[in-house]
Amino acid sequence: MNQNILPRLLAFLAAAPALQDLTLGVEEAGPAPGTGGLWPQGVTVTARRPDLLGGVTLRCRADFTLRLCLPLPPGDNAAAQANAGRLLALESWVAAQSALHALPALGDEPATETLQAENGRLERVEAGGTACYTLRLRAEYTETYKEETP
């Protein structure tokens, strides 16, 4: 599978308006507020189509978990609402970018690629006034493999 997906997806997410003030990495996020981490959850081949010349086209689905650690002082309802709004804004931005075909090239047919951000939720609240939120990201893309001829 394409090993460039993770850095491309991370760079794409760093451009999201809802994440502008966060430091994103490929790592566990937190507990420091203002950090985010992207973790791959695996790739599933959803369709396999061989051709007459020995090549194979695969339709793939890659799942990721995005963890965001955001400030949440105890009892601060305004901060809780702002954090929830940030998750919704990110989900909406990803949906818009996918609809506009403005995604990073994840596979061999960019016009058929999709990305979803969904299931944003509060995962845990740390004692120091930080909340950890998670979102699921799902990318669908196509990879083509051709038989090498000597």
Side-chain angles (χ1 to χ4, degrees), residues 1-49 56-146:
M1 297 301 137
N2 186 342
Q3 296 179 1
N4 295 321
I5 290 177
L6 196 56
R8 287 179 183 169
L9 190 54
L10 195 60
F12 169 75
L13 291 170
L19 302 180
Q20 288 299 299
D21 59 341
L22 299 180
T23 302
L24 297 177
V26 180
E27 57 193 22
E28 178 67 34
T35 60
L38 183 65
W39 282 101
Q41 299 298 312
V43 176
T44 303
V45 175
T46 59
R48 184 178 198 279
R49 192 175 64 238
V56 176
T57 300
L58 303 177
R59 185 69 180 167
C60 302
R61 181 181 62 229
D63 291 306
F64 302 87
T65 298
L66 177 64
R67 284 195 175 84
L68 305 174
C69 289
L70 306 173
L72 185 62
D76 189 342
N77 286 336
Q81 288 179 355
N83 290 346
R86 184 188 293 241
L87 295 180
L88 292 172
L90 178 60
E91 289 176 352
S92 295
W93 182 81
V94 168
Q97 298 304 303
S98 184
L100 295 170
H101 300 288
L103 301 174
L106 304 175
D108 298 321
E109 297 177 9
T112 67
E113 295 176 356
T114 62
L115 182 65
Q116 296 172 275
E118 57 193 14
N119 297 338
R121 66 181 183 88
L122 174 65
E123 188 175 275
R124 65 181 182 272
V125 177
E126 303 288 339
T130 301
C132 184
Y133 298 86
T134 59
L135 288 101
R136 183 178 73 188
L137 298 173
R138 174 169 283 169
E140 293 194 14
Y141 59 94
T142 301
E143 289 190 343
T144 303
Y145 297 93
K146 299 184 183 203

Inter-residue atom distance Thr144.OG1 - Glu109.CD, 0.5 Å rounding: 5.5 Å

Pairwise side-chain contact, Leu6 with Pro40, heavy-atom cut-off 4.5 Å (strictly under): yes

Residue pair Leu70 / Arg86, side-chain heavy-atom distance below 4.5 Å: yes

With Glu123 via salt bridge (charged side-chain N to carboxylate O under 4.0 Å, His left out) - residues at least two apart: Arg67

Residue pair Thr134 / Trp39, side-chain heavy-atom distance below 4.5 Å: no

Which atom of Thr130 lies closest to which atom of Pro33, heavy atoms considered: OG1-CD, 3.5 Å

For Arg138, side-chain hydrogen bond (donor to acceptor under 3.5 Å, both in side chains) partners two or more places apart: Asp63

Validation row: Leu38, Leu137 side chains within 4.5 angstrom (heavy atoms): yes

Approximate separation, where rounding is to 0.5 Å, of Thr114 OG1 and Leu106 CG: 9.0 Å

Between CG on residue Leu122 and CG on residue Leu72, distance to nearest 0.5 Å: 7.5 Å

Contacts of type side-chain contact (heavy atoms from CB on, under 4.5 Å), residue Arg8, not counting sequence neighbours: Asn2, Asn4, Pro104, Ala105

Leu115 and Leu9, any side-chain heavy atoms less than 4.5 Å apart: yes

Residue pair Val56 / Leu58: nearest heavy atoms and the distance that separates them: CG1-CD2, 3.6 Å

Spacing of Arg61 atom CZ and Thr46 atom OG1 [to the nearest 0.5 Å]: 6.5 Å

Derivation of the side chain to side chain contact (heavy atoms under 4.5 Å, CB included) call for Thr35 and Leu22: CA-CA 5 Å; Thr35 60; Leu22 299 180; over 6 Å; no

Under 3.5 Å donor-acceptor, Gln116 side chain and Ala139 backbone: no

Contact summary for Val43 and Cys60, nearest pair of heavy atoms: CG1-CB, 4.0 Å

Side chains of Ser98 and Leu103 in contact at under 4.5 Å (non-hydrogen atoms): yes

Nearest heavy-atom neighbours spanning Ala79 and Pro71: CB-O, 4.2 Å

Inter-residue atom distance Thr44.OG1 - Glu140.CD, 0.5 Å rounding: 10.0 Å

Leu88: partners by side-chain contact (heavy atoms from CB on, under 4.5 Å), with sequence neighbours left out: Glu91

Distance-minimising heavy-atom pair for Cys69 and Ala32: CB-O, 3.5 Å

Flag side-chain contact, heavy atom, 4.5 Å: Tyr141 against Asp108: no

Point-to-point distance, once rounded to the nearest 0.5 Å, from OH of Tyr133 to CG of Leu68: 9.5 Å

Heavy-atom side-chain contact between Leu135 and Leu90 under 4.5 Å: yes

Nearest atoms (heavy-atom pairs only) where Phe12 meets Gln97: CZ-CB, 3.7 Å

Residues forming a side-chain hydrogen bond (donor to acceptor under 3.5 Å, both in side chains) with Arg59, sequence neighbours excluded: Thr112, Thr142

Partners meeting side-chain contact (heavy atoms from CB on, under 4.5 Å) with Ser92 (sequence neighbours left out): none

Backbone N/O of Ala15 and side chain of Gln20: donor-acceptor pair under 3.5 Å: yes

